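Written below as structure tokens is the structure these notes are about.
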Protein chains: 2
Amino acid sequence: MSSPPDPSSWATGRLLSTAARLVEHEWDAHLDRWGLNHSGFAVLRMVSGGPRSQRELAQAMQVEDQTMSRVLDRLERHGHVTRERSTTDRRRVEVTLSDTGRVAVAEAGSDDAAERLFAGAVEDLPALRAQLARVVDVLSARRWSAG
Amino acid sequence: MSSPPDPSSWATGRLLSTAARLVEHEWDAHLDRWGLNHSGFAVLRMVSGGPRSQRELAQAMQVEDQTMSRVLDRLERHGHVTRERSTTDRRRVEVTLSDTGRVAVAEAGSDDAAERLFAGAVEDLPALRAQLARVVDVLSARRWSAG
DNA sequence: AGACGATGCTCAGCAGGCTGACCATTCGAC
DNA sequence: GTCGAATGGTCAGCCTGCTGAGCATCGTCT
């Protein structure tokens, strides 16, 4: 008898979180084949544009440094990425895509499964994206700025 | 020089997750005053309609039983909720809102701060909600059904 | 050169997600 | 009544988030 969930009556925050979790879940299932998950994959894509410092990656992903550190632990452990201290600034750690990482990101992202995930679930994808981008803009400014 | 994030070029999944995290973060900051967070608050609101079993709560929140178990641990530890074995079916645990829980949920949810959070960040809230609700509908059906 | 703040990263600990494995109780079929 | 499957919760372990604290290096200012 347990009634099916009725999302249209939920608070907006819960709607957002639940949708995000469901998408991550499907995406993770797809990426599992390469030993990746949604966060690792996003980092890999970022690093595929050339070596990056951890701080740069953390800021790009809108995440704390400590979180990025552990995501990179996992990527390194799986051989998707290498880390070495910068020679010019020994505080920095240069994160570089490995060959297996390059293959993984290419294969996992080839058939843009990421966006096909939304097929049938979204009426107007560009509109949804625009609204979400605006939320991210406003709230991340509110969070990471001086004020 | 580090360029500010440009969400409009992100993958949709990442957009969704990031927006959700930012909203949770602000919401948690508000609820912290009552020893609550976004997940605990949502559970509390659910229980305020009368005692529920843990399984019911888990399904309503679209979460695994184990996750709900630990959220309730915390709510119980903070005295927001009481748990007692059902007398008619001793496998079930009845979760009941406590007095302090009732006060907390009333105060924290009074000035609907939850929705004001989106003021200025969203153009057409009903449209956003409708799109998100559809995503949740489709993906949760895909996940929790037999198929 | 020395001192001191800013910067880049890691460690420890908490929380909410998840999976897999397990236990207790109930229900149904025999 | 007994046995076995279904049901309701928990334990352990992993992952990504967060905060708070600490360490090493770099820059700057005197």
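These numbers were taken from a predicted model, which means no experiment stands behind them. Within every chain, numbering begins at 1; the chains are lettered A, B, ... in the order of the sequence lines, protein sequences first and strands thereafter.
Between E64(A) and R143(A) there is a salt bridge, with a side-chain nitrogen of the basic residue lying less than 4.0 Å from a carboxylate oxygen of the acidic one.
Per the geometry, NE2 belonging to H38(B) stands 9 Å off C1' belonging to dA15(C), to the nearest Å. With rounding to whole Å, L31(B) atom CG is found 14 Å from dA15(C) atom C1'.
By the 4.5 Å heavy-atom criterion applied to side chains, V105(A) and H80(A) are not counted as neighbours. In this structure, the side chains of F118(A) and R129(A) stay at 4.5 Å or more apart for every pair of heavy atoms.
At least one side-chain nitrogen or oxygen of R143(A) sits closer than 4.0 Å to the OP1 or OP2 atom of dC18(D).
Each end of the helix from dA1(C)-dT30(D) to dC30(C)-dG1(D) gets its own axis, taken as the rotation carrying the C1' atoms of four end pairs onto the next four within a five-pair window, and the two axes meet at 0° to the nearest 10 degrees.
For R74(B), the side-chain contact (heavy atoms from CB on, under 4.5 Å) criterion is met by N37(B), R77(B), H78(B), not counting sequence neighbours. Partners of D89(A) under the salt bridge (charged side-chain N to carboxylate O under 4.0 Å, His left out) rule, at least two apart in sequence or in another chain, are R91(A). Residues passing the side chain to side chain donor-acceptor pair (under 3.5 Å) test with S8(B) are D6(B), sequence neighbours excluded.
The side chain of D65(A) lies closest to dC9(C), out of dT26(C), dC9(C), dG9(D). Looking at the side chain of E64(A), the nearest of the listed nucleotides dT19(D), dT25(D), dC9(C) is dT19(D).
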Distances for protein N/O vs nucleotides 1-7 of chain D N/O pairs under 3.5 angstrom?
{"from": "dT7(D)", "atom 1": "O2", "to": "R91(B)", "atom 2": "NH1", "distance (Å)": "3.2"}

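The stretch residues 66-88 of chain A comes close to DNA chain D through Q66(A), T67(A), R70(A), R74(A), R77(A), each having a heavy atom under 4.0 Å from the strand.
Between M61(A) and R14(B), the closest heavy-atom pair is CA-NH2, 3.8 Å.
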